[in-house]
Amino acid sequence: MPNIATILKAEISRVARKEVRTEIETLKKASTHHRASIAALRRQVEKLEKELRRATKVSTRVSPQGDADETGDSGPARRFSASRLATHREKLGLSAAAYGKLVGVTGQTIYKWEQGKARPRKAQLEGLASVRGLRPREAAEQLGAD
């Protein structure tokens with residue numbers, strides 16, 4: 001017959017292992033949940049950093065124009081639309097080269113603006129604004145005078 005102390009010791013070890021196992025399972029579940037949360041937060045941080053880089057890029061593009069406004073060039077803020085430029089040029093019935101002469105740029109520049117591959121500078125926007133109000137006859141007269 002086995003010793004009661006040995007049996008008691010074995011039973012205590014078994015119960016202790018069972019309790020430890022349940023505690024470890026709870027900790028494993030919590031650890032898994034925390035790892036998933038950390039991964040989600042990392043993805044969110046990466047997304048926000050990407051947005052920040054994009055916003056910084058946009059602000060560096062915009063800031064030189066903003067600085068020019070503050071230095072004394074007070075005038076209405078001009079907006080540019082490639083599709084409106086193409087529509088207006090077609091409405092006037094002009095080639096890109098002729099339209100470029102009115103604005104003060106080359107025909108190739110007009111094509112690039114219309115395709116969205118380039119954007120006009122502030123001084124060029126002023127030229128576009130002056131041409132925008134012209135009618136076909138007025139545009140032809142201006143080109144004929146040149």
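This one's a predicted model, so the numbers in the text were calculated from it and none came from an experiment.
- Looking at Arg119 and Phe80, their side chains come closer than 4.5 Å, going by heavy atoms from C-beta outward.
- Tyr111 and Tyr99 sit in two unconnected hydrophobic clusters of ILVMFWY residues. Membership requires side-chain heavy atoms under 4.5 Å apart, directly or through other members.
- Atom CD1 of Ile24 and atom OG of Ser31 lie 12.0 Å apart (nearest 0.5 Å).
- You'll find the side chain of Thr22 reaches within 4.5 Å of the side chain of Glu19, heavy atoms only.
- Annotation: side chain of Val45 is in contact with side chain of Glu49 (closest heavy-atom distance under 4.5 Å).
- Nearest approach of Gly116 to Ala82, heavy atoms of both residues: N-CB, 4.4 Å.
- His88 is not listed as a side-chain neighbour of Leu128, based on a closest heavy-atom distance of 4.5 Å or more.
- Taking the side chain as every heavy atom from C-beta outward, Lys28 and Glu25 approach each other to under 4.5 Å.
- In this structure, Ile4 places its CD1 atom where only 12 or fewer heavy-atom neighbours from other residues, nucleotides or ligands lie under 6.0 Å away.
- In this structure, the separation between CZ on Arg89 and CD1 on Ile110 is 8.0 Å, given to the nearest 0.5 Å.
- Ionic pairing of Glu11 and Arg14 is present here: one or more N-O contacts between side-chain nitrogen and carboxylate oxygen are shorter than 4.0 angstrom.
- When side chains are defined from C-beta on, Thr56 counts as touching Leu52, because their heavy atoms get closer than 4.5 Å.
- Note that CZ of Arg53 is 11.0 Å distant from CG of Leu48, once rounded to the nearest 0.5 Å.
- Side chain of Glu126 to main chain of Ala123: no donor-acceptor pair is present (N/O by atom type, distance under 3.5 Å, no hydrogens or angles).
- Around CD of Gln115, the count of heavy atoms belonging to other residues, nucleotides or ligands within 6.0 Å exceeds 12.
- Side chain of Thr109 to main chain of Val105: no donor-acceptor pair is present (N/O by atom type, distance under 3.5 Å, no hydrogens or angles).
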Criterion side chain to side chain contact (heavy atoms under 4.5 Å, CB included) on Glu51 and Lys47, from CA distance to verdict
CA-CA 6 Å; Glu51 287 180 24; Lys47 180 182 172 188; 3.5 Å; yes
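- The shortest non-hydrogen separation linking Leu125 to Pro120 is CD2-CG, 3.6 Å.
- Separation of atoms CG (Leu134) and CD (Gln142) is listed at 5.0 Å; rounding is to 0.5 Å.
- The line from OG1 of Thr87 to CD of Glu114 is 8.5 Å long, rounded to the nearest 0.5 Å.
- Across every non-hydrogen atom of Leu94 and Ala139, the tightest pair is CD1-CB, 4.1 Å.
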